[in-house]
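Not measured: the values here are computed from a predicted model. In the text below, chain A, chain B and the rest are named by the order of the sequence lines, each starting its count at 1. The analysis underlying the following values was restricted to heavy atoms, covering all of them including side chains, and did not include hydrogens, waters or symmetry mates.
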Amino acid sequence: MFHILLETRLKAAVHLVMPDADPASVQVRPSSDSKLGDYQSNAVMGLAKAAGKNPRQLAGEILGRLEVADLCSAVEVAGPGFLNFRLAEAAMAAVLEEANRGQHLFFEPVTDPKTVVIDFSSPNVAKPMHVGHIRSTVLGDALARTLRLLGHRVITDNHIGDWGTQFGMLLLGWKTRLDRAALERDSIGELERIYKEINRACELEAGVRDQAKAELVLLQGGDERNLGIWKEMIRLSQIQFDAVYGRLGVRFDHTLGESFYNPWLGGLVKDLVLEGVARESDGAIAVFSDGSVPAKEDPLKIQRDGEWQDQPLLIQKSDGGFNYATTDLATLEHRIRTWSPSDILYVTDGRQQSHFRQVFTVFKRWRPEAAAGVRLVHVWFGSILGEDGRPFKTRSGDTIKLGELLDEAEERALGVVREKRPDLMEVEQREIARVVGVGAIKYQDLLPNRQSDYTFSWDKMLALNGNTAPYLQYQYTRAAKLVRDGGDGGSKEAGIRLETGEERALARHLLNFGWALTAMGEEQRPNYLCNYLYELAGLSSRFYEACPVLKSEEPLRSSRLALCQLTARVLKTGLDCLGIEVSDRM
RNA sequence: GCGCGGGUAGCUCAAUUGGAUAGAGCGUCGGCCUCCGGAGCCGAAGGUUGUGGGUUCGACCCCCGCCCCGCGCACCA
């Protein structure tokens, strides 16, 4: 909140002193250390360097033009040229009072809303959702929620895997080996079983492979029976997806799977060839480098045995089939044409980096005018490892199903709830365990820097202290309970008084909620918000420790209740951005 | 081989992208319950940021070399 006000004022002052300076380089952020002040700017040192000036002297000149008397009690130049701002208590209290009246929650919706398409989750039809889908799903959902809260127009699109060669085997399996009763009981399990069985049979006898291939050709040719079976498989899969998404609280605006783009793929390839972007190579159609960038930066080049060779993007296989690159190009074109987004975010794992670099590059060459207006971002993430440091699997080496993972999380959380709160009724214990269990899985996933691999640990994610979902949820519950117990007598109009260091520390951190939200949105890094909330939780806990709330005298009591109320609201809103629920009792 | 990541406290991870004294949790050690709040709070010890150079007021972050680890490198997605 204040960082934006101060930044605007500082930019104005810089402009008066150095009219040519780039305003974007002038930034104000919360102080790294509260002893130094509440906000700081490091911009003057950079400006001085660029202009060959003495930084402290320049800082002095800018300070002379800076008008912040209404906001700050002190502004100082420190060290080599840091600017330190100390907020005036009245200004701080005024903003807290506004928030308490419900005028804002320490952030303002953006003035220039963007249209952002987010592509995430993308499970495959006829397969169970598994651990590999957690990060994409949880991260994508958190980004969507946060960007929406900030006022952007967000379109979420689940690009499910509902087309491809695997359907040849699935169709053959459906026709020859389907157990109807098993399909009734556990449709995905049965689809998985027939797929595995046919897959195995294919390796043993060539005839089966040919049969599967024939089924695929029929499907692609529009055979009605195969289309019917295929649609039924999608329907059954969607039921499973919806069940998992329901538990995770994730929803999509669109589910346009790969098959949606089928009608355009042939024309797309022809067009790319016609435009001279793609050409035939070993029977396949591929896009080669156009040499417009140095080989080192060219995603369509690779160095092998000491020399640069082509690393083309295949858009049609030699058998006439299409690749996922073809679909990705068609998808991109469709999204731009349909929604005119300013950004498209692809939330997938890091192994697909080179693929997306290639697709983006090829698209820019194919449709330069469409590509010019949109920022394509691959929001990639690392893998989830087991405690042995290897990819996270069951003991027997199988992939872990997402539904079962959530079951276990809730079950383990229930164990803790029963131990800590034996006084609650079973239904209530179960509800708390659900909120805590699912929240813990999500938070563990969002807390690490998304680009690093992380180690999955039940004990750590469900721990009651430390940077975990249960801890944050608990701190919310404490704050909410104090507010409930305090009654709401006049608290909306309460004057804010910051008498102790703990109150002041809590208050100044509350002010920075918007800063954390923005940082998360701009960099697609939920860990910024996680760490902000964790600090808030710690500060609020220290505040309760030092400051009696309900037992204090008015007007302090109302002021402190208001701080509790604001803390609860920020924690709840922040956790909601992460897709994490809270409970009024824990 | 080339590309993309990573290497930070005993362990698991941060460090808002070049800022001030590198921070948390766990573990270890030591404290705090006649509390509105214990699923809590406070404190201590613990670091040559893989390694050797360089750039500058300032480097975990940028540049160069080297050592480990993971992932990816035509017709799977």
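Atom CD of A:E545 is separated from atom P of B:G31 by 17 Å (rounded to the nearest Å). Atom-to-atom, CZ of A:R585 to C1' of B:G38 comes out at 17 Å; the value is rounded to the nearest Å. The distance from atom OH of A:Y544 to atom P of B:C42 is 13 Å, rounded to the nearest whole Å. In this structure, the CD atom of A:Q316 is 13 Å from the P atom of B:C76, given to the nearest Å. Between the P atom of B:A74 and the CG atom of A:L313 lies a distance of 12 Å, rounded to the nearest Å. Atom P of nucleotide B:G70 and atom CZ of A:F381 are separated by 21 Å, given to the nearest angstrom. Straight-line distance from the CG atom of A:L539 to the C1' atom of B:C42: 14 Å, rounded to whole Å. One interatomic measurement links the two molecules: CD of A:Q473 to P of B:G40, which rounds to 13 Å at whole-angstrom precision.
Side-chain N/O atoms of A:R542 include one lying less than 4.0 angstrom from OP1 or OP2 on B:C42.
Across the P atoms, B:A59 and B:A20 are found 11 Å apart, a figure rounded to whole Å. Comparing B:G10 with B:C2, their C1' atoms sit 37 Å apart, to the nearest whole Å.
A 4.5 Å side-chain heavy-atom check between A:F107 and A:M1 finds every atom pair outside the cut-off. Looking only at side-chain heavy atoms (C-beta outward), A:P312 and A:V287 stay at 4.5 Å or farther from each other.
As judged by a 4.0 angstrom heavy-atom cut-off over every strand, A:S318 is placed among the base-contacting residues. Within the 4.0 angstrom heavy-atom criterion, base atoms lie near A:C547. A:P470 comes within 4.0 angstrom of nothing in the nucleic acid, heavy atoms only. Counting any heavy atom pair closer than 4.0 Å across all strands shown, A:E535 reaches no nucleic acid atom. Among the heavy atoms of the strands lying under 4.0 Å from A:S281 is at least one base atom, whether or not backbone atoms are also near. Contact annotation for A:R478: base contact, defined as any heavy-atom pair under 4.0 Å involving a base atom. Counting non-hydrogen atoms under 4.0 angstrom, A:N124 reaches nothing in the nucleic acid.
Residue-to-nucleotide contacts include a donor-acceptor pair under 3.5 Å from the side chain of A:Y324 to the base of B:A77.
In terms of heavy atoms, A:A284 sits closest to A:Q316 at CB-O, 3.2 Å. Considering all non-hydrogen atoms of both residues, A:V269 and A:I285 come closest at CG1-CG2, 4.0 Å.
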Starting from the C-alpha separation in whole Å, work towards a yes-or-no answer on side-chain contact (heavy atoms from CB on, under 4.5 Å) for A:F543 and A:V549. CA-CA 9 Å; A:F543 159 66; A:V549 177; 4.2 Å; yes
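Taking only side-chain atoms of A:Q352, from C-beta outward, the nucleotide of B:A77, B:G72, B:G40 with the closest atom is B:A77. The side chain of A:Y474 lies closest to B:G40, out of B:G40, B:C42, B:G72. Among the nucleotides B:A14, B:G3, B:G1, the one closest to the side chain of A:K296 is B:G3. Nearest to the side chain of A:N531, among B:A74, B:C41, B:A14, sits B:A14. When distances run from any side-chain atom of A:I302 to the nucleotides B:C73, B:C41, B:C13, the shortest one goes to B:C73. Ranking B:C73, B:A39, B:C41 by closeness to the A:Q311 side chain, first place goes to B:C73. Checked against B:C13, B:C75, B:U16, the side chain of A:A519 finds its nearest nucleotide in B:U16.
By the rule that a glycosidic angle within 90° of 0 means syn, B:U17 counts as syn. Nucleotide B:A74 is shown with a syn base, its glycosidic torsion being within 90° of 0.
With A:V435 as the fixed residue, the side chain to side chain contact (heavy atoms under 4.5 Å, CB included) test singles out one of A:Q473, A:E410, A:M586: A:Q473.
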Heavy-atom protein contacts under 4.0 Å, nucleotides 17-25 of chain B, coded B base, S sugar-phosphate only, - none: B-BB---SS
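Atom CZ of A:R421 has more than 12 heavy atoms from other residues, nucleotides or ligands within 6.0 Å.
Side chain of A:R56 to main chain of A:P80: no donor-acceptor pair is present (N/O by atom type, distance under 3.5 Å, no hydrogens or angles).
In this model, no donor atom of one side chain and acceptor atom of the other lie less than 3.5 Å apart for A:S383 and A:R351.
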